[in-house]
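Keep in mind it's a predicted model, so treat the numbers as computed, not measured. Numbers restart at 1 for each chain; the letters A, B, ... are given by sequence-line order, proteins then strands.
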There are 2 protein chains.
Amino acid sequence: MRTEKGADEVSYSVGQVAGFGGVTVRTLHHYDAIGLLAPSERSHAGHRRYSDADLDRLQRILFYRELGFPLDEVAALLDDPDADPRAHLRRQHELLTARIEKLQKMAEAVEHAMEARRMGINLTPEERFEVFGDKDPDQYAEEAEARWGGTEAYAESQRRAARYTKDDWKRMQAEVDAWGERYAALVTAGEPATGEAAMDLAEEHRRHITTWFYDCPYEMHVSLAGMYVSDERFKAFYDSMGPGLAEHLRDAITANAARHTS
Amino acid sequence: MRTEKGADEVSYSVGQVAGFGGVTVRTLHHYDAIGLLAPSERSHAGHRRYSDADLDRLQRILFYRELGFPLDEVAALLDDPDADPRAHLRRQHELLTARIEKLQKMAEAVEHAMEARRMGINLTPEERFEVFGDKDPDQYAEEAEARWGGTEAYAESQRRAARYTKDDWKRMQAEVDAWGERYAALVTAGEPATGEAAMDLAEEHRRHITTWFYDCPYEMHVSLAGMYVSDERFKAFYDSMGPGLAEHLRDAITANAARHTS
DNA sequence: GATGGGTCCTCACGCCGCGTGAGGTGCAAG
DNA sequence: CTTGCACCTCACGCGGCGTGAGGACCCATC
């Protein structure tokens, strides 16, 4: 039977702690100097000795730092009297999921931009910066319209100037056109979107994107398909090939993805 | 029929551009000063006039900056002669998905830490900083073992010192114990993990976590269940209540999640 | 035509979060 | 006894801007 001897005295030197945390010794010196992380003890020779609790604190410091908090705010968070450790872990988890969501939105915006480029649609300035969610949408929208309005005309004027890529652009365009004709014929022939022919053309569409532009797995393809009907210009792009083509294609893409991932 | 008049001359002032990009005018001045983003023109009065291409460049600058690139590297990326715009979008998408993965791993590590805390298991220093994936696992592992080894003994010594929370900790522990007895009885009675009784206790388990520690949706609960069998100490924690309890519980949790989300 | 408000300009200094030496100390091994 | 290593304390510098100070321009209003 073990004796209940109380706290075991373990402590680490700056070098060890720096190793654990993946930071430099200088950083730890700095955190000590500004009072953010003062080692709970000093050795005989004046060397810093970090306790286990200090390590915990460092972990939190580095976590919040990684998420972009300035050090004084980090200190405020850590020295919060309601410093329940559970609360910290909970908050860390919340911050992480929030960041993940933000990045996923950015990724979607990038996909949107890639597709716009693929279709020769130029984006308005607002759309270009839509990637960064950090805008007051309300105040911003007002300002954008009121102060330097006329974006409609601008977008219209830019819509033609999009073919500034070189010569293989033509071959690519030819491929798109050929595919469009075949797909339009399929639609007018009354083929269902879940039919094999439609799914095959959907797959060809995906392959086209992958070979000419960027890798497009099925999941992403479905996401794009959603934009084809939700974004007015994407919809217009496909509907110009044939009436109702955008929706039809979306369903075909969805069905094609389902058949490949099942 | 529209005339092909060539490039439409649109340009924006610093204030407008700052508005679009969500940055300050000073930042644009700075980028001009260091040659990162020089406006393609100046007005009669010496005012900066940003073209549409400049906006594109700014968007990319801000994107890479957001992901933590220093400005000189950003410049290197943007002034890369192979500056195919497609390549940029592709790279942006790759960077984003990489970041998302990293954050998801961090989130998992946080969940791991939360569960460890819940079970009164103290983590080793290495595990504490496992959240940050930025460690050479090989070189690090060697160093950790060779230079300041003895972590096994350390972990052992810490395992008891984990109950440093106050008085309601006891009530919580009592709940855990009661639940454990009931679940053990269920297992010895031969109840299947997919049975209703097991699923009910799994749901109770989830509720316990949610009320005492952190919100635990079904998806996360399943993730935790995986750790109960993959992490040695978690497994030991549950198996100490009854033989084979960890696996049984994992299956019950999975089944319970399926029944609630279907 | 004078006055004001708004946006723009160019210095130039300062802050934060450290990196990077310079110069000195304590201790264990050769 | 010296060599080496990890530690110490200044202290300067750098990147990426924030924050004025002081002035020019433009348009509207009195």
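We find that NE2 of A:H30 is positioned 16 Å from C1' of D:dT9, with the value rounded to whole Å. Rounded to whole Å, atom C1' of D:dG16 lies 11 Å from atom CG of B:D72. Between the CZ atom of A:R26 and the P atom of C:dC16 there is a distance of 14 Å, given to the nearest Å. A straight line from NE2 of B:H44 to P of D:dA24 spans 14 Å, rounded to a whole angstrom. C:dG19 atom P lies 10 Å from atom CG of A:L28, rounded to whole Å. As rounded to whole Å, 8 Å separates atom P of D:dT9 from atom CG of A:D32. Atom NE2 in A:H29 sits about 6 Å away from atom P in D:dT9, given to the nearest Å. Atom-to-atom, CD1 of A:I61 to C1' of C:dC16 comes out at 16 Å; the value is rounded to the nearest Å.
Regarding contacts with the backbone of C:dG17, every side-chain N or O of A:Y31 stays at 4.0 angstrom or more from both OP1 and OP2. Contact annotation: A:S43 side-chain N/O to D:dC7 OP1/OP2 distance is not under 4.0 Å. Remark: A:T24 is in phosphate contact with C:dG19, judged by side-chain N or O atoms under 4.0 Å from OP1 or OP2. Dashed line: the shortest gap from a side-chain N or O of B:R48 to OP1 or OP2 of C:dC9 is under 4.0 Å.
Defined by atom type and a distance below 3.5 Å, a donor-acceptor pair is missing between the side-chain atoms of B:Y12 and B:R48. A donor-acceptor contact under 3.5 angstrom links the side chains of A:E115 and A:Y228, judged on distance only. Using a 3.5 Å distance cut-off with no hydrogens or angles, the side chains of A:Y50 and A:R57 do not pair a donor with an acceptor.
The side chain of A:L71 has C:dG17 as its nearest neighbour among C:dG17, C:dT10, C:dC8. For A:V14, whose side chain is taken as the heavy atoms from C-beta onward, the closest listed nucleotide among C:dC8, D:dC17, D:dC8 is D:dC8.
The closest side-chain heavy-atom distance from A:F63 to B:V110 is below 4.5 Å.
If you check every strand for non-hydrogen atoms under 4.0 Å, A:R42 touches sugar and phosphate atoms only. Among the atoms of the strands shown, none is found under 4.0 Å from any heavy atom of B:I34.
Nearest-nucleotide assignment on DNA chain C puts the 5′-proximal partner with A:T27, out of A:H47 and A:T27. Between B:A45 and B:F69, the one whose closest nucleotide on DNA chain D sits nearer the 5' end is B:F69.
Between the side chain of B:R206 and the main chain of B:C216, a donor-acceptor pair closer than 3.5 Å is present.
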